[in-house]
Structure formats: structure tokens, C-alpha cells
2 protein chains.
Amino acid sequence: MGDSGSYRFSKRLSHVPASFLGELFRVSSQPGVISLAGGLPDAERFDVEGIKNAAVEIFAQEGKTALQYTTTDGYLPLRTYIAQRYRSRLGLNADPNDIQIVNGSQQCLDLLAKILINPGDHVLMERPGYLGAIEAFSYYEPVIDSVQTLDESAGPDLDVLQKQIVTDNPVLWYGIPNSQNPSGITWSSGVRRDVADILDGSDTLLYEDDAFGELFFNGRPRSPVKKWLSHQTVMTGSFSKTISPGLRCGWIWAPHPVIEEFNRAKQASDLHSNLLSQMILTRYLENNNVDERIRETAKIYGERCYLMQEIIDDQFPPGTHHTSPEGGMFMMVTLPSGIDSMELFRKGVSNGVAVMPGFPFYIDGGGSDTIRLNFSAVGLEQISEGMERLSQVLRTLL
Amino acid sequence: MGDSGSYRFSKRLSHVPASFLGELFRVSSQPGVISLAGGLPDAERFDVEGIKNAAVEIFAQEGKTALQYTTTDGYLPLRTYIAQRYRSRLGLNADPNDIQIVNGSQQCLDLLAKILINPGDHVLMERPGYLGAIEAFSYYEPVIDSVQTLDESAGPDLDVLQKQIVTDNPVLWYGIPNSQNPSGITWSSGVRRDVADILDGSDTLLYEDDAFGELFFNGRPRSPVKKWLSHQTVMTGSFSKTISPGLRCGWIWAPHPVIEEFNRAKQASDLHSNLLSQMILTRYLENNNVDERIRETAKIYGERCYLMQEIIDDQFPPGTHHTSPEGGMFMMVTLPSGIDSMELFRKGVSNGVAVMPGFPFYIDGGGSDTIRLNFSAVGLEQISEGMERLSQVLRTLL
């Protein structure tokens, strides 16, 4: 043992897709490159002053508690706040004891996979699907299948979904019904009820990832699928897109037998989430009306999204298609026939604009003619300039 | 699906031992019960004011950065601090790029198991062994064997260790050489060199958990085994016992090929650790001389430990044996013949004192005549009163 190649690693690592994100991050952060490739919220929207004030209060009043170990489930006032918000926003009855705090909702992907997936079990997700889910699930060696989700039909192909549920009996069906990453698609209310119908009584758990549910800039908040399929749905949420990702505070809301196993797995995994952050966040939420701030953030992201769409519609070569997000941080673009997204990525970087190639979101090798664009991280001027550059690169590739 | 029993869980859950900690926590926190059962550092030792000042500086100077996403490896100034401290404290050369930040060193147990262990692989640990490691490893379905560690021989039984390494070719050998949890035993310097010799050239990785290395109150810091077996050792550390557990900041230092796989697994698991905490902690470490504070904390724990030993030696029934920790937070007591630790636990709670039964630390069903005592959480008066109660309960059980 000792040479680079000679360490023994578990076989499960061979199931994890090679990650492109390292290269992406490196080139996207080169000086002069406008990055539409990443997934950052706009740091200008963080309420640094408000969060600092909450922190100062916590240190002054409950410092010793905040710096000590705590229980695995998470800070009860925060779980209570989340439950009340489900009630006030969506009319849903959530018990704080069925909610657990995690280090950002990414951790739910890992821990749910851990307690649910046997090697060889089928897992169903959207096509394209969230890359972080593909990576997290892969460590548990499932067979991952995907159901095409389209902007035009406002959701996954229900016929294929129904067939796959019956044929493969997947252990879970993972989706992001609100402003999906990467596609930006939001499932229609009708699709949501249909998905609930299809799953009801099956042996498949719905994993409803709601990272973007509060970040809509067009329309109104839609009822989650969990409304019609409560006992068979786990739902996850996050403060990363609305308040701050650096705090690493997300949550899961799940039927109690699932929460119990999730809790055991969380304890074995890292005992509990950062208590100082949980307490600062809770105090911040109590002291401030975050609704207004979130609505304003969504509005700003919406303006950026619409500008992107306008530039694509007006200036991009014919045959370019884009999705029409109602919220979130991403849209998906299908390139004119013959253009490869990796080529666009490389040429784009040389010309000062970075995009995210779509293929990593497709578990079946597809998507080479798609890119994901982010409209949250940079302002209107940079979007305008970046899209201009992208348009020019596209024309040279045609 | 929907009834309590009808959710599909992965088969790996059947490998996870039933946890006793919930009951322990519940009864130990009853009013009037002096708990010697837990594992909390003394919150009176947290430098709330100093950490608050660091937090205020971070918010004022780098608030937006601290609240944003960051890279998986962790905050570079914190990794650099850890590397420098290995150099100044122990004369070891650590590259900050071979160090990664985690949510408390418990997370290393999970992620290392994930990248190393196939179902059925052998894993070797100490007997008794750290419960958190048993739980974390179990999810990856190894065969866990243990090597008896004794106070008298100041470390694991080297003959058995050597035999097991050859016979079972374990994927890792996990130990806590400094002030182990639960036993309080510290491996002698000779044992450390012998362990390195035994492992050198084998196909087994040493997992050296150093959660308590800075918390010695007798003797001096000892060189870790990694000193003699660098390319074949992963070492983990934690700020939980020295600064604050609520910040959830631990680390791993490992050979680069291991760090790379660890990093991929960490990214899939929760993207990155809490950045706000990492930056506050780093600023705190830069602004304060923590050595003095840590030495003082260790001294206080030492006084509590010695008082416990004195009471056991003077008042407990003949046939009671205790370990003699040089540091850390725990000691192990072997009860007089015929006394069962669960009975002592239950009678103890009814009489106002909680102890941790030893059996969960034994993966082979042993340890029913042992208990673990914690000497960090409560002060001298409570230790005195708690040990008095325990002594009386013991006598009624004889």
C-alpha cells in the first residue's frame, strides 16, 4: 500500500459518475469569464446585517447552548417555524416531530438513499435530472431510470411514469416539481394530482424536492404533490436559496417511520447539524419578515430570466429552444441541430462566457445538445453581455 | 404502503445495532439525576465572548462570503491553521491540501466507511470500541472484529492485532490512541511504534481518531502512529472537545488518493460544511491563544477524573477496577463479579445518578460488567455526590 493506485476503495465508487464540476468551477472562475454555469444565489440578496444582529442576540442570550452538542433531530423552534410555514403558505398540516434539520437539503439525498436503496433497486427520476441527486444516489448502487420532463407538457411524461412504476417497482421516484434544476420546469397542478394518483397504492415513495418552491416570480405557489399523497411522500426544503447557503440549513418532512430511520442514519452520519447556525437562523426568521425579501429576490431573478429569454428569442440562431421557468434559478436551452454543448462550453470560455453543458443531467447519455443557464448569480448587465458573447460563439459554430 | 410497518427500507439497516442512546438521554436528563453517562464537554469552558467577537468581525468584513456556498474541501485558512498546528505541536508535515473540513469528526467515520468498505469486508477496532464508529460503519455492512485494549498493557493486544491483520486482511484498523472513548486508555509510545510496524506493508489502512489528543492532563502529547506510517494512515481531529461542538468543525488528514475520494463522497453527501462556522472559528483561533485555554480545560477535567478515581478506590466495593486516563473525558469501570451494568444503570437512575452501561461498546456481546463514566460534563461537587450515590447503589446490588 502507498502508491497512488494501491489503496483499496469500495466497489460502490465505480458506480459514481465522473464529475465534471471541478473543471467547470476552475474555468468558470477565470478572470474575465462571465459565468452562467454555476448555481449560486446572488450574495447581494443576503441580509448580512439582519443575520449578524440575530447572531449577536444568540451569543448574548444563549451562547453556551448554541456552542454545545444537541439532539440529532434539530432545533425545535426551527422545526416548529417550518411546520407553521407549511400551514400558512400551503395549508398543509406538518408535525414538527416529522421534520428534521439537515446540512442543506443535499444531505437528504444521501441519507434517504442510505435508508431506502439496496444495490440493484430501481430509482426513478426526471430527465433531465438534478446532478446532485444522481451523484448522491449512485453511491448506493441503484439502477437509475429517468422519465422525460417537458416544458410543453408542464411535467413528466405520465404514461412512461405509470409504466415504469408498474414494471420496475422503483423504491423511489425523485422529482423537483417547482422550477426544477436543471430544466426550470414547474409541474402543472393537474400533473401533480395525476402523479399522486399514479403512485397511490404502489410500493414507490415520492421524493418531492422543494428547494425552489418559494422562489417563484410568475404565478402563485402551487400545492405540492404531498398534499394528495401525504403518507407516501417525503418532502425536502432548504433555506439556501432564500436566506443563505453558507448556513447549511435544510430539512426533511416525512412520514414518521421514515423520519425515525432517517434520524438514526443522520446520527451515525454526523450526530447533528450545526446548532449555532440553526439558532441564528431561527432568531433571524423570528425578528424579520422574510416574505417581502424573498418576493423581492424572486422578482429580481425573474427580470434576469426574462432578459435571457428575450435575448435568446431575438438574437440566437433559429432552432434554439428555451424553457420558460416560473421561478428558481435555472433554464435549459436546446441548441440548434448539430451543435455540441461541450464544444460550446469550450469555445464559450475562450470567449468570456461559461455555460453548463447538459449531458451530466442525463443518466442515459443524452442531452449533448442542451445547456443549463443560471440567472441568479449575476446582474442584468452581465447577463446581457454574457448572452451576447454566447450568441456570437453559437453563430461561429453553425 | 402507508402503515407503520409497510415502508421498504434497505437491507443494510438490519446491520445497524439497536440504539440505547435515546433511552439513556431521556432518563439521564430527568430532574435530580446527576448524569455521568453522557459525553458533553463542560459548557462553562466555552469562550462565548471570544467566539462572539470573531463572529462580529466576520459579519462586518466578510459577511457575504460567509453566507454563500463554498468549495467542498473547506475554508483554506482553517486547513492551513490545522496543518501548522500539526507542525508546531507534533513536528509533523501536513499539506493543507491533504486536509478536509467535516461536520465534526463523526462525519469522517461515515464517509471513510463509504469509500472503503464493501459488504463483508473485515474492519478491526478496539475492544471496547467507540460506539459512534460501530454505528457509522454498520451501515456499510462490514464484519467488525475487535482487539482487546487494556490499561495495563497501554494499548491493544499486539499479538491478536498481528494475527487478525494477516488472517482477515481488514480494510481498516480503527483506533483512538489518545484517551480513548470509552476506556480512557492511551496507547504507550512503544505500542504506537509496534502498531505501525505490524501494519506497514499490509493492505490495511490505519484510521487514527485523535478527538482527544489535545486534552491530556497527565504527561505530554505523544506522537501519533501516523508519524511512522504516514502513507498508510488517515487521521481525524475535532474542535468539538477543545473549542465548541455546536460549531460542528472537525477534519480529516489523509494520503492524497484517499482525500480525493473522500472529497467526492463529501460533495455528494452535503456539498460542504458550514462556512460561517469555519470562518468564525478560524478568526477566533487567529485572535486568541487557545493553548492556554485548552491546558486549563484539561487540568479541570483531570481534577474531576482524579476525584472519581479516589472515590472508587476508597469507597467502592472490592473487585471494582477503573482505568487511569491521562486525558480525555471518560474512564471505564469494571464492576465486582455478579453485578450487571444494566441493573446498575436502572437502579442508579432511581437513586439519582446515571451511568453508561458498557455493553454497547462491545461488538461481541461482552462488557455487561462494565460502565463508562464521564468526568467532563459536571463539576467536582456533583461528581462527589453522584459517585457517592453510585457507591451506595452498588452495595445494595452485592
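Fair warning: this is a prediction, and the values are worked out from it, not measured in the lab.
Heavy atoms closer than 4.5 Å to chain B are found nowhere in A/His256, neither backbone nor side chain. Residue contact with chain B, scored on non-hydrogen atoms closer than 4.5 Å, involves the backbone and the side chain of A/Ala265 alike. For a residue to count as touching a neighbouring chain, one of its non-hydrogen atoms must lie under 4.5 Å from one of that chain's; by this rule A/Ala18 touches chain B with the backbone only. In this structure, chain A has no heavy atom under 4.5 Å from any part of B/Asn53. At a 4.5 Å heavy-atom cutoff, the contact between A/Ala66 and chain B is made by backbone atoms alone. Interface remark: B/Leu109 contributes no atoms to any contact with chain A (heavy atom separation under 4.5 Å).
Scanning all heavy atoms of the two residues, the minimum distance from B/Leu67 to A/Ser244 falls at O-OG, 2.8 Å. Scanning both residues, A/Leu276 and B/Leu247, for their nearest heavy atoms gives CD2-CD2, 3.5 Å. A/Leu40 and B/Gln68 make their closest contact through CB-NE2, 3.8 Å (heavy atoms, listed as atom of the first residue, atom of the second, distance). Contact between B/Tyr69 and A/Gly39 at its shortest, heavy atoms only, is CE1-O, 4.0 Å.
Taking chain B as the reference chain and counting heavy-atom pairs below 4.5 Å, the highest number among A/Ile58, A/Ile280, A/Ile115, A/Leu111 is found for A/Ile115. In terms of heavy-atom pairs under 4.5 angstrom with chain A, the leader among B/Asn169, B/Ile243, B/Leu172 is B/Asn169. Comparing B/Ala136, B/Pro41, B/Gly132 by how many heavy-atom pairs each has under 4.5 Å with chain A, the most go to B/Pro41. With chain A as partner, the option from B/Ser273, B/Ala43, B/Gly63, B/Ser269 having the largest number of non-hydrogen pairs under 4.5 angstrom is B/Ser269. Residue with the most contacts toward chain A among B/Lys11, B/Gln267, B/Arg12: B/Arg12 (heavy-atom pairs, distance under 4.5 Å). Top candidate by heavy-atom pairs under 4.5 Å with chain B, chosen from A/Leu275, A/Thr70, A/Val258, is A/Val258.
Listed by first then second residue, pairs satisfying salt bridge (Lys or Arg N to Asp or Glu O under 4.0 Å) with a partner in residues 265-275 of chain A read A/Lys266-A/Asp270, not counting sequence neighbours.
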Would you mind writing out the side-chain donor-acceptor pairs for residues 44-52 of chain B within the sub-3.5 Å range, not counting sequence neighbours?
from    : atom 1 : to       : atom 2 : distance (Å)
B/Glu44 : OE1    : A/Lys64  : NZ     : 3.1
B/Arg45 : NE     : B/Thr297 : OG1    : 2.8
B/Arg45 : NH2    : B/Arg293 : O      : 3.2
B/Arg45 : NH2    : B/Thr297 : OG1    : 3.2
B/Asp47 : OD1    : B/Gly50  : N      : 3.0
B/Asp47 : OD2    : B/Tyr284 : OH     : 2.9
B/Glu49 : OE2    : B/Lys52  : NZ     : 3.4

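Partners of A/Arg264 by salt bridge (charged side-chain N to carboxylate O under 4.0 Å, His left out), not counting sequence neighbours, listed by chain and number: A/Glu261.
The closest donor-acceptor contact from the side chain of A/Arg248 to the backbone of B/His272 lies under 3.5 Å.
Looking only at side-chain heavy atoms (C-beta outward), B/Lys114 and A/Tyr140 come within less than 4.5 Å of each other. The shortest distance between side-chain heavy atoms of A/Leu205 and B/Arg8 does not fall below 4.5 Å.
The only member of B/Ile117, B/Leu116, B/Asn118, B/Val171 that meets side-chain contact (heavy atoms from CB on, under 4.5 Å) when paired with A/Phe9 is B/Leu116.
Of residues 101-108 of chain B, those residues with a non-hydrogen atom less than 4.5 Å from any non-hydrogen atom of chain A are, in numerical order, B/Asn103, B/Gln106, B/Gln107.
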